[in-house]
Structures are given as C-alpha cells and as structure tokens.
Amino acid sequence: MDLESKKIDQQVEDLLARLARRFSAEDIQRIGDAYALAREAHKEQRRKSGEPYIMHPVAVAKIVAEELRLGANPIIAAFLHDVVEDTPYTVEDIRERFGDDVAFLVNVVTKKKKKNTAVKSSSQIDNYKQMLDSLHYDIRALLIKLSDRLHNMRTLNSMRPDKQMKIAGETDYFYAPLAHRLGLYYIKREMENLSFRYRCPRDYAYIDEQLTKEQKEREPGLKAFLFEIERLLENNDILMARTEVYSRGPYSAWRKMHSTGCDFKHVEGKYYIRIIYPNTHDYSEKDMSLKIYSILTDRFKEKPGSVANYIDSPKENGYQSYHVKLLTPQGTWEEVHISSERMIRKSQYGCIAESTETNITNWLEKFKHVLQEMATRGKEVEYMDGVTSSFYNDDIEAYTPDGKGVILPKGATALDFAFEIHSELGLHAHYARINGQLCSVKTELQRGDVVLIGTNENVTPKRDWLDFVSTFKAKSHINNFLNKQRKLQFCRCEHCRPLPGDEVIGFKNADDTISIHRRDCKVAIRLASQRGDDIVAVNFEEDREFLYPVKIDIVAIDRNHLLADLIDCITNKLQLSLTRIATESQDAIGYCSMEFPVHSSAELQEVITSISLIDGVEEVKQSVETDNQ
C-alpha cells in the first residue's frame, strides 16, 4: 500500500473512532464496509487534481457525518454516492450488501444516463428533478447531494475556468438557495462565497480585502462595545452568555451593493453582534431574549423600527432570533442578534436539528405541492425558476384580517398574498387594504402587514401583473390565464370591434393568426373580395372569463343628474366597470361617450336597452370606426 492510500485509510479510521461515540459497533462495521467497497470500486480513478478519487467520497462522508451529523445509512450512502455512476457496481449490488434504504439514497444521488429521445432536455435539470422528487420520501438524499456539492466547491481550483463557471453557477442558482431553505445557514454561506470567488474573482478579491481592512479599523470600537455589553449582562446576573462579532462575507456585501445601488463604503450591516445565552429551565427563550433586550436598551439608544422578532414569528426555514440595532458609544448603529444556544445550533444544522420543527415540515409539504404542480409544465426553465423562487432568499409573514399568517418571499406584493390565499382571489384582485390603508394590489408588503384583498369579477390578470409578483403560485396562475386568453381570443378588428354573439367572419393572416370581423364590416367586405381563399369559419362564443372593451355614444336632453343616472345604470344596476367617460353639452343637448368591458353582444345590448329607458335619453349606439378602410 502506498503512502497516499495509508494516509486516506488513517483519516477514515480516525473518523470511525469519533463516530463510535454515537453509533453502535454494528453500524461502525457497516460504515467501514462501505468505505472498503468505495475504495475498491474507485481504486483506478483519480480526480482532476491528480489525487486518488476515493478522497472525494471520504470527504463527503465526513461532511455528512460531522458537519451535518446524519445517521449511519446516509454516511454509508455518502461513501458510495459515486460508485454506481462511475464504476461497474449497480444499485442492486448496493441493496444486496447494505439494504433498501442505502440503495434508495444512492439511487437518488446517482446521475441517470440520458436516453436518446426526440425531446431535448437539460441533463442538469433532470438531475434537479430527480433529487427534488426524493422530497416525497425524506430529505436525506438532498443533504448528501449538498455535501457532495460543498466538497466539489472546496476543491474547485483544480478545474478549468469554464468548468468552474458551470459548477459555481449551478451552486449559486440551486444548491445555496436549497441550503438556505433547509436552514443550513453555514453551508449556504460557504457555498455562496465559494461560488462568488470563482464566478467573479476580481470582485471577490476586492470585497474580501475591503472587509478585512474595515474589520481591522473597527476592531477597537467593536471590542469596546462588546466589553460594555458583557459588563452589563454580568451586572444583571446573566453570567453564561457569550458575545461575538460576525462578518456577513464577500457575497453578502456584494449582493447588498447591487440591491441598493451603493458602493462598498455605504453598505450597511457588514457586521453584526451576536449575544448567545444558554438554554435554562429558569426562563423561556423569549423571556430571556426580552430581558437582555431590556438591559441593552436601558443603556444604548435603540434605532426606531429596527426590532425584528423571529422568536414568535420564525422564518420559514426555522430561523429564530431577536434582532435590534443599537447606537454605540462610537456613534455607529450596530445590529445585535440575541439568540439561545439552541437557536444557534439550529442555524447550523437547520432541518436536521429539529426534524419535527413545524415551520420546516409545513414548508416541505408546501414545496411538495409546488413540485407536483410544476411537474405538469413543459418548459424546463419555468420549472427551475419555479423551484428557486420557492426557495426564497428571505421571507416575510403577512396576515389576513382574522390573524392567519401567510409566508411570502421578501419583496412580495399584495397580488402574491391574494394568490397564496386562493387562486380566485388573485385572479380577480381589484384593490388591497394594507393595515387599513387603501393601496394598489401591486404594493410591496412588509413584515407584519395586515392585508385585505378587495375583488371584482370583472377584473382579470394583465400582462404587467407578472412584473409585480414573486411566487411561483402567482406567476403560474397569471401565465395560465394569459395563455388561455391567447388561445381563445382572436385578433379583433378595431374597425368593427366584434363581440361574442355577433355574426362574424375570419381571415387567416400571414403569421397564422386569425382576425375576426363582423359580417357587415367594410374591412371584411374588402378583404373577402381580395383574399377570398383566406376566409375561415370561426366560432366566437362567450366565455365568462374574458371581457372585451366597448364604447357607446349617447345623445340626450341635458338635465340635472343625467350623468349620475347613466353611471348608476352601468355600475350599480348592471354591475359593469366604467373605464372612461367623456361628456359635452351644447344648447341643452348632452353628448356622452362611455367605455367599459362586456362579455358578449347580448350584454352590450342589455346596456343599450337599459340606458335607452333613462329619462331624456334620445339615442344610444355602439361606437365604431367611421373611416373607409
């Protein structure tokens, strides 16, 4: 055995010795057997760096075992995760030696060989789908894949620049947001920074240098602030708490620069201070956090509106803490996070720390439904955009008037809120009342907002709504509506403006669209004489989901309240929405044009008939173009 192999064997023996403290002898034997099989299977293979390939599965297994602290079967699967993909061994071989559970985990993380099909698809997206489908059973396979990706990122310097960009891009797009969603903050942070380092090396080097420089400059002031905090806690009998300064890292600073449009110097919150206290039976976490908050704000000025209580309202990935910004003796605002040891442990181990955590369980169930819905969609890019938007960079909680909490991504609008409650509420959202204030449905929501959505059955999604929603659910329903509208609607001639129920004729255009005209339309008569071969039969029927804008012209004897009666007839009696009114009066004769949407010619005729019965109205007719096209 060469020196290299002996060194790797020793690493595994040391790992097994550490694991023996929490696993049975039988499990340790099975883990050792998995390493032996992996070593044999990969013995002829080497990584791009020139190292023996077995170093990679060993490193992944160490991450699974010690950084994520998973059980014996995931550790075994981590050792074997590349065996089926890269060697002659099969999943059945794994099943025979290590059982169904290990075989399932290995199968999920094994990239499937692509079949030759007529439909082109991305192998990477196929891999994402395969992994995400494992959520229907548990999340351990995803955690193994995250560990695999983390080690690949840690050793990315041996790859060609184009491969570095590919792997770093995948990590930033999919794996880091997934780690964030699962509450694995430390893994998410490391992945983001490594991805940034290889995608944008100059930006990374610059920001990293500036962070180090600023940290040295601010160190004396921060140390003095920490000392003062520790003295205050000690004087108030909080003896076991510890403090630390935490840097947000190059990627976080870069993202803040781009989201706010500022330079590095003006980025806020590059550092924050943690106060971490032990969990005791004497105080609840909330009581202890509030006690520390009270002690600090008795001494330091609190920035108005800076408190964020994630203890009562955890983020959807389970994150909990109590945040506040305080004014230091040096005259700077510093963000302080007050957390228990349990909260810190959970931010490291995420969904693993408390597998029954309600927020995580609820999100997993919700995400499974999103995946099922997206699985029916044909476009791969839409599938992955839906996935990553469901991971969310951050989230807020808004409330219905009766106190029901709704988790949404940061930056979500009242439209997102409406669709999250129910698709019909979103499809007909007319206005919002946010904390009692009348607002557009496109208004961005803030954490803690109470939202009431007003509806109107005549209101339907517009294309610009897509610019004001963040969630997959909202985008999906809006796109479905618009796509259906495109399929059902023809190109209406603007000269005659036909409606469902009119006698119509269609003409096939050069781009394969069909324009429809009323049969008495001058344009249709001209086209029929010139393009008779392009005439097609059309079935233009009413659909209650679709409205068509119309305009009517009214002539009446002018009098007091005439306009009010006209408006009342359309909006109250007939329950239609006016979009425009123009009026003029000459020598006691009133002229009025009114625009509104209808479903059909029958509905328009009902409007004309109703208005004709209003006192003083002489003539009502649909307005059409009068030129000689």
Closest non-hydrogen contact found for I63 with S147 is CG2-OG, 3.5 Å
Do R18 and K62 have side chains that get closer than 4.5 Å, going by heavy atoms? yes
Y272 and H337 aromatic ring geometry - parallel, tilted or perpendicular at 30°/60° bounds: parallel
Is there a side-chain contact between L194 and L156, using heavy atoms and a 4.5 Å cut-off? no
For V58 and F79, what are the C-alpha separation, side-chain angles and deciding distance, and is it a side-chain contact (heavy atoms from CB on, under 4.5 Å)? CA-CA 6 Å; V58 168; F79 274 118; 3.9 Å; yes
Whether the side chain of S313 engages the backbone of Y310 through a donor-acceptor N/O pair (distance < 3.5 Å, no angle test) should be reported. no
I'd like to know if R154 and E67 make a salt bridge, using a cut-off of under 4.0 Å between side-chain N and carboxylate O. yes
Close side-chain approach of L15 to I31, heavy-atom, < 4.5 Å: no
When you check the gap from the basic side-chain N to the acidic O, do E219 and K223 get nearer than 4.0 Å? yes
E214 and Y271: side-chain donor and acceptor closer than 3.5 Å? no
Under a plain distance cut-off of 3.5 Å, with no hydrogens placed, do R47 and T155 share a side-chain donor-acceptor pair? yes
Does any N or O in the side chain of R433 come within less than 3.5 Å of the main-chain N or O of V450, such that one atom is a donor and the other an acceptor? no
Straight-line distance of N152 CG to M191 CE, nearest 0.5 Å: 9.0 Å
Compute whether any side-chain donor of one residue and acceptor of the other, for N309 and R447, lie under 3.5 angstrom apart. no
For a quick test of reading the model, state the closest non-hydrogen atom pair linking P329 to R299 and the distance between them. CG-NH2, 4.1 Å
Rounded distance [0.5 Å steps], OG in S289 versus NE2 in H323: 10.0 Å
Please determine if D263 and K265 form a salt bridge, counting it only when a charged side-chain N lies under 4.0 Å from a carboxylate O. no
Under 4.5 Å between any side-chain heavy atoms of T171 and Y198, yes or no? no
Nearest atoms (heavy-atom pairs only) where F300 meets L232: CE1-CD1, 3.7 Å
Is any side-chain heavy atom of I54 closer than 4.5 Å to a side-chain heavy atom of I8? yes
Taking atom CD of Q215 and atom OG of S247, what is their separation to the nearest 0.5 Å? 6.0 Å
Over all heavy atoms of both residues, which pair between E285 and S340 is shortest? Give the atoms and the distance, please. OE2-OG, 2.5 Å
Taking the six-membered ring for Trp and the single ring otherwise, decide whether the centroids of Y293 and Y322 are under 6.0 Å apart. yes
CD1 on I311 to CD on Q320, rounded to 0.5 Å: 7.0 Å
Return the minimal non-hydrogen interatomic distance between I144 and A77, and the atom names on each side. CD1-CB, 3.7 Å
Given 3.5 Å as the limit, does a donor-acceptor pair link the side chain of H81 with the main chain of A78, or not? yes
Taking the ring centre of each residue, are Y277 and Y283 less than 6.0 Å apart? no
How about S339 and R274: does a side-chain donor come under 3.5 Å of a side-chain acceptor? no
State the CG-SG distance between L452 and C439, to the nearest 0.5 angstrom. 11.0 Å
Treating T328 as the side-chain partner and T332 as the backbone partner, does any N or O pair qualify as donor plus acceptor under 3.5 Å? yes
Using only atom types and a distance under 3.5 Å, with no angle test, would you say the side chain of S294 pairs donor to acceptor with the backbone of L290? no
Test side-chain contact (heavy atoms from CB on, under 4.5 Å) on L222 and Q330 and set out the steps. CA-CA 9 Å; L222 288 172; Q330 291 75 36; over 6 Å; no
Rounded to the nearest 0.5 Å, how far apart are CZ of R69 and CG of L19? 9.0 Å
Can you establish whether the number of heavy atoms outside Y186 located under 6.0 Å from its atom OH is more than 12? yes
Salt bridge (Lys or Arg N to Asp or Glu O under 4.0 Å) between E228 and R231, intermediate numbers included: CA-CA 5 Å; E228 181 71 5; R231 186 183 63 80; 2.7 Å; yes
With no hydrogens and no angle check, just 3.5 Å: does a side-chain donor-acceptor pair link E230 and T243? yes
Just by distance, do the side chain of D298 and the backbone of I295 share a donor-acceptor pair under 3.5 Å? no
Given side-chain contact (heavy atoms from CB on, under 4.5 Å), test T413 with V441 step by step and report yes or no. CA-CA 7 Å; T413 64; V441 291; over 6 Å; no
Hey, are the side chains of R248 and R255 touching, using non-hydrogen atoms and a 4.5 Å cut-off? no
side-chain contact (heavy atoms from CB on, under 4.5 Å) for K163 and K48? Distances and angles first, verdict last. CA-CA 11 Å; K163 290 289 286 183; K48 296 289 185 183; over 6 Å; no
Taking atom CD of E268 as the centre, does the number of heavy atoms from other residues, nucleotides or ligands within less than 6.0 Å exceed 12? no
Should we say atom CD of E234 is surrounded by more than 12 heavy atoms from elsewhere, each under 6.0 Å from it? no
Less than 4.5 Å apart, any side-chain heavy atom of I167 and any of R149? yes
In short, I75 meets A65 closest at the heavy-atom pair CD1-CB, 3.6 Å
Looking only at side chains, do E51 and S49 share a donor and an acceptor under 3.5 Å apart? yes
Could you check whether K442 pairs with D467 (Lys NZ or Arg NE/NH1/NH2 to Asp/Glu carboxylate O, under 4.0 Å)? no
Whether the side chain of D449 engages the backbone of I434 through a donor-acceptor N/O pair (distance < 3.5 Å, no angle test) should be reported. no
Distance-only, no hydrogens or angles: does the D27 side chain make a donor-acceptor pair with backbone N or O of A72 under 3.5 Å? no
As a test of understanding, state which of R197, E190, R199 forms a side-chain contact (heavy atoms from CB on, under 4.5 Å) with Y251. R199
Salt bridge check: are K6 and D9 linked by an N-O gap of less than 4.0 Å? no
Look at the side chain of K270 and the backbone N and O of F264, then say whether any donor-acceptor pair between them is shorter than 3.5 Å. yes
For Y204 and N193, test the side chains for any donor-to-acceptor distance below 3.5 angstrom and give the result as yes or no. no
Salt-bridged, E341 to R345, with N to O below 4.0 Å? no
Is a donor on one side and an acceptor on the other found under 3.5 Å between the side chain of S195 and the backbone of E192? no
Could you check if a side-chain atom of V109 sits within less than 4.5 angstrom of a side-chain atom of L105, using non-hydrogen atoms only? no
